[in-house]
Enquirer: 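Handing you this structure, nothing more for now.
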Amino acid sequence: MTQVYFDDVEVGAQIPELTVTIDETQLFFFSAATYNGHRIHYDKDWARDVEGYDNVLVHGPLQAALLARVLGGWLGGRGRLVSFSVQNRATAFPGQALTFGGTVTAKRVSEHGAGLVDLEIAGRRDDAVLMPGTAMVELPRRAGPS
């Protein structure tokens, strides 16, 4: 993994995206790992007959975790996630390709000399934004704090 430095990041830059296709087995295991017993994530009949969906749904928290994974992979071992906020606005179903990524919207040096970077992040299915959000990361500076 290559370390990203504050000095090298430009406003408007895209962070590397992650595209995944989640299957029903992953949904079942994520439900178990998070103690989420809501049948909408693993019982197709329940999702269809009781909730009115065509299929089980991909968990919002799973999508948020995938967004956090993208950020963690990009900021490197010396970077730090400072804040992370998302909203689950649309449904995703297993078998759909979901893409997670973000864009640098601002950067600044804090009063303590830390290199802070703001990002607009999102989980998408094709052109539909399923999970918009924002994040702030701290990246190391090449020259160190002033």
Enquirer: Side-chain contact test, heavy atoms from C-beta onward, threshold under 4.5 Å: evaluate it for Val9 versus Leu139 and give yes or no.
Expert: yes
Enquirer: Can you tell me if His112 uses its side chain to pair, donor with acceptor, with the backbone of Ala114 under 3.5 Å?
Expert: no
Enquirer: Can you tell me how far OG1 of Thr99 sits from CD of Glu17, rounded to the nearest 0.5 angstrom?
Expert: 6.0 Å
Enquirer: Contact between Pro16 and Trp74 at the side-chain level, heavy atoms closer than 4.5 Å - yes or no?
Expert: yes
Enquirer: Could you go step by step and tell me if Phe30 and Ile22 meet the side chain to side chain contact (heavy atoms under 4.5 Å, CB included) rule?
Expert: CA-CA 11 Å; Phe30 191 81; Ile22 298 165; over 6 Å; no
Enquirer: What verdict does the side chain to side chain donor-acceptor pair (under 3.5 Å) test give for Gln14 and Thr103, after you've listed the backbone C-alpha separation in whole Å, the side-chain angles of each residue and the deciding distance to 0.1 Å?
Expert: CA-CA 4 Å; Gln14 302 283 317; Thr103 304; 2.9 Å; yes
Enquirer: May I have the list of side-chain donor-acceptor pairs in residues 51-73 shorter than 3.5 Å, sequence neighbours left out?
Expert:
unit_1	atom_1	unit_2	atom_2	d
Glu51	OE2	Trp46	NE1	3.4
His59	NE2	Ser31	OG	2.8

Enquirer: Not counting sequence neighbours, which residues clear side-chain hydrogen bond (donor to acceptor under 3.5 Å, both in side chains) with Asn88? List them please.
Expert: none
Enquirer: Does any non-hydrogen side-chain atom of Phe84 lie less than 4.5 Å from one of Thr134?
Expert: no
Enquirer: Quick check: is Leu98 connected to Ile40 through a chain of hydrophobic side chains (ILVMFWY, heavy atoms under 4.5 Å apart)?
Expert: no
Enquirer: Just how far is it from atom OG1 of Thr2 to atom CG of Asp8, taken to the nearest 0.5 Å?
Expert: 11.5 Å
Enquirer: Working to the nearest 0.5 Å, report the span between CD of Glu24 and CZ of Phe93.
Expert: 12.0 Å
Enquirer: If you count every heavy atom of other residues, nucleotides or ligands that lies below 6.0 Å from Arg89 atom CZ, does the total exceed 12?
Expert: no
Enquirer: Which ILVMFWY residues can you reach from Val82 by hopping between side chains whose heavy atoms are under 4.5 Å apart?
Expert: Leu116, Met136
Enquirer: Side chains of residues 121-132: which donor-acceptor partners sit under 3.5 Å, not counting sequence neighbours?
Expert:
unit_1	atom_1	unit_2	atom_2	d
Arg125	NH1	Thr91	O	2.6
Arg125	NH1	Gln96	OE1	3.4

Enquirer: Which residues, ordered by chain and number, are linked to Phe29 in its hydrophobic cluster, where ILVMFWY side chains connect at heavy-atom gaps below 4.5 Å, directly or through other members?
Expert: Phe28, Tyr42
Enquirer: Under 3.5 Å, side chain of Lys107 to main-chain N/O of Glu10, donor-acceptor pair present?
Expert: no
Enquirer: Here's a test for you: under side chain to side chain contact (heavy atoms under 4.5 Å, CB included), which of Leu81, Asp118, Ile15 qualifies with Val137?
Expert: Leu81
Enquirer: Taking all heavy atoms of Gly113 and all of Arg141, pick out the closest pair and write down the distance.
Expert: O-NH1, 3.0 Å
Enquirer: Applying side-chain hydrogen bond (donor to acceptor under 3.5 Å, both in side chains), can you list everything that pairs with Thr105, at least two apart in sequence or on another chain?
Expert: none
